[in-house]
Amino acid sequence: MPELPEVETVRRTLLPVIGARIASVWDSGKGLHMARRPPRKKLQQLIGAQITAVRRHGKYLLLDTDGTKSLLVHLGMTGRLRIQPARAPQASHTHLVLGLGKRVLAFSDARRFGQIDVFERADERLHPALAPLGPDGLEPGVDADLLYASSRKRRSTLKAFVLDQSVIAGVGNIYASEALWRARLRPSKRAHRLTAASARELAAAIREVFEHALERGGTTLSDFVDADGTAGENADYLWVYDRAGQACPRCQTVIKRTVHQGRATYYCPTCQTA
DNA sequence: CCGGAGACCTGATAGC
DNA sequence: TGCTATCAGGTCTCCG
């Protein structure tokens, strides 16, 4: 569920845990549980540390501590990070709970596509999940030059290109369709055929769809909530995603749905011609 | 290097 | 009510 705007919304609502000390770490244990997480021992290295920052790169959240360790969290499709009263009942599919005195920070994830790790912050650039990532989608580095240069040798589709986290970190399936619609680019167009002018359009479009969604607290199609449990409003403001059969907001043509690499893609056949 | 398919998981929903 | 099929915001790996 969560792409850059949703993860950034979670990050912002997590800021109140800065300064909190991790008094306890509970995890759901072995067996029928999260696939991608470190051994319990590693998680327990967080005990006694104070949270000093909550950062984000692409879809990854990074919680720094006053020790040498940081906690990495990827929400996958259904992951949730919630700040809750220590006495609140545990949500179903809860895999990790950091005790923070009167509050807890709880991670739950029904489908278990999420990822948790504890890593040495000094080695952050070497972390296997972070090392391959391109610049974050809200950073100034995601510009026409980057998109033009990195698309030159790609015979893949534009849809696959913008979803590639090693080019831009943070674009997921919803905002890929949205950004290509805004830039008037056909998702099936080959990336290496992107013109310099279109690269400019695309860079601007990516930033705009992210900011548009962020202003509305992200897109909730079914699962997404922020750290306070609040759903996002952006689903009502999507231009094409999940709108097959409806009118294009720009030209009124009926929006089409296709499948690229097994994932739904929405576009306007009339105004996405570049 | 690329795309496609399948895997990893559970839950919601639509159709019968 | 209950069954089945399909679909879902992400990534990873194997195959051709």
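Sequence lines set the chain letters: A, B, ... in the order given, protein chains first and strands last, and positions in each chain run from 1.
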What is the distance from CG of D164(A) to P of dG10(C), rounded to the nearest Å?
-> 13 Å
With heavy atoms under 4.0 Å as the rule, sort Y175(A) into base, sugar-phosphate or nothing.
-> nothing
Please state how far atom CZ in R263(A) lies from atom P in dC7(C), giving the value in whole angstrom units.
-> 14 Å
Would you mind reading off the distance between D109(A) atom CG and dT10(B) atom P, rounded to a whole angstrom?
-> 11 Å
Determine the stems involving DNA chain C; a stem requires 3 or more consecutive pairs of the Watson-Crick or G-U wobble kind, each with both distances below 3.5 Å, and the answer is none if no such run exists.
-> B:2-8 with C:10-16, B:10-16 with C:2-8
In whole angstroms, how far is the P atom of dG10(C) from the CZ atom of F224(A)?
-> 13 Å
Electrostatic pair E201(A)-R184(A), nearest N-O below 4.0 angstrom | no
Nearest-Å distance for atom pair OH/P, residues Y60(A) and dG10(C) = 12 Å
Per nearest nucleotide of DNA chain C, the residue lying toward the 5' end, R111(A) or Q165(A), is R111(A)
Short side-chain donor-acceptor distance under 3.5 Å, D228(A) and T230(A) | no
Side chain to side chain donor-acceptor pair (under 3.5 Å) between H95(A) and D27(A), worked out | CA-CA 5 Å; H95(A) 299 292; D27(A) 74 285; over 6 Å; no
With a non-hydrogen cut-off below 4.0 angstrom, is T157(A) in contact with a base, only sugar-phosphate, or nothing?
-> sugar-phosphate
Ring-on-base stacking dT11(C) with F113(A) (under 5.5 Å, under 30°) | no
In terms of side-chain geometry, is the basic nitrogen of R121(A) or E124(A) positioned less than 4.0 Å from the acidic oxygen of its partner?
-> no
Contact class for G172(A) vs. all strands (heavy atom < 4.0 Å): base, sugar-phosphate, or nothing?
-> sugar-phosphate
Test applied, side chain to side chain donor-acceptor pair (under 3.5 Å); reference residue, Y175(A); option that passes from E3(A), E6(A), H212(A) | E6(A)
Would you mind classifying the nucleic acid contact of R154(A) as base, sugar-phosphate or nothing, using non-hydrogen atoms under 4.0 angstrom?
-> sugar-phosphate
Is H74(A) near enough to dT11(C) that one of its side-chain N or O atoms lies under 4.0 angstrom from OP1 or OP2?
-> yes
Identify whether Y60(A) and I116(A) are in the same connected component of the hydrophobic contact network (ILVMFWY, side-chain heavy atoms under 4.5 Å).
-> no
Backbone N or O of V254(A) within a donor-acceptor pair of the Q246(A) side chain at under 3.5 Å?
-> no
Measure from OH on Y241(A) to C1' on dG10(C) and round the result to the nearest Å.
-> 12 Å
When all nucleic acid strands are considered with a 4.0 Å heavy-atom cut-off, which category describes R152(A): base, sugar-phosphate, or nothing?
-> nothing
Nucleotide dC8(B), atom P - distance to CG of L75(A) in whole Å | 22 Å
Whole-Å distance, D242(A) CG to dT13(B) P, equals 13 Å
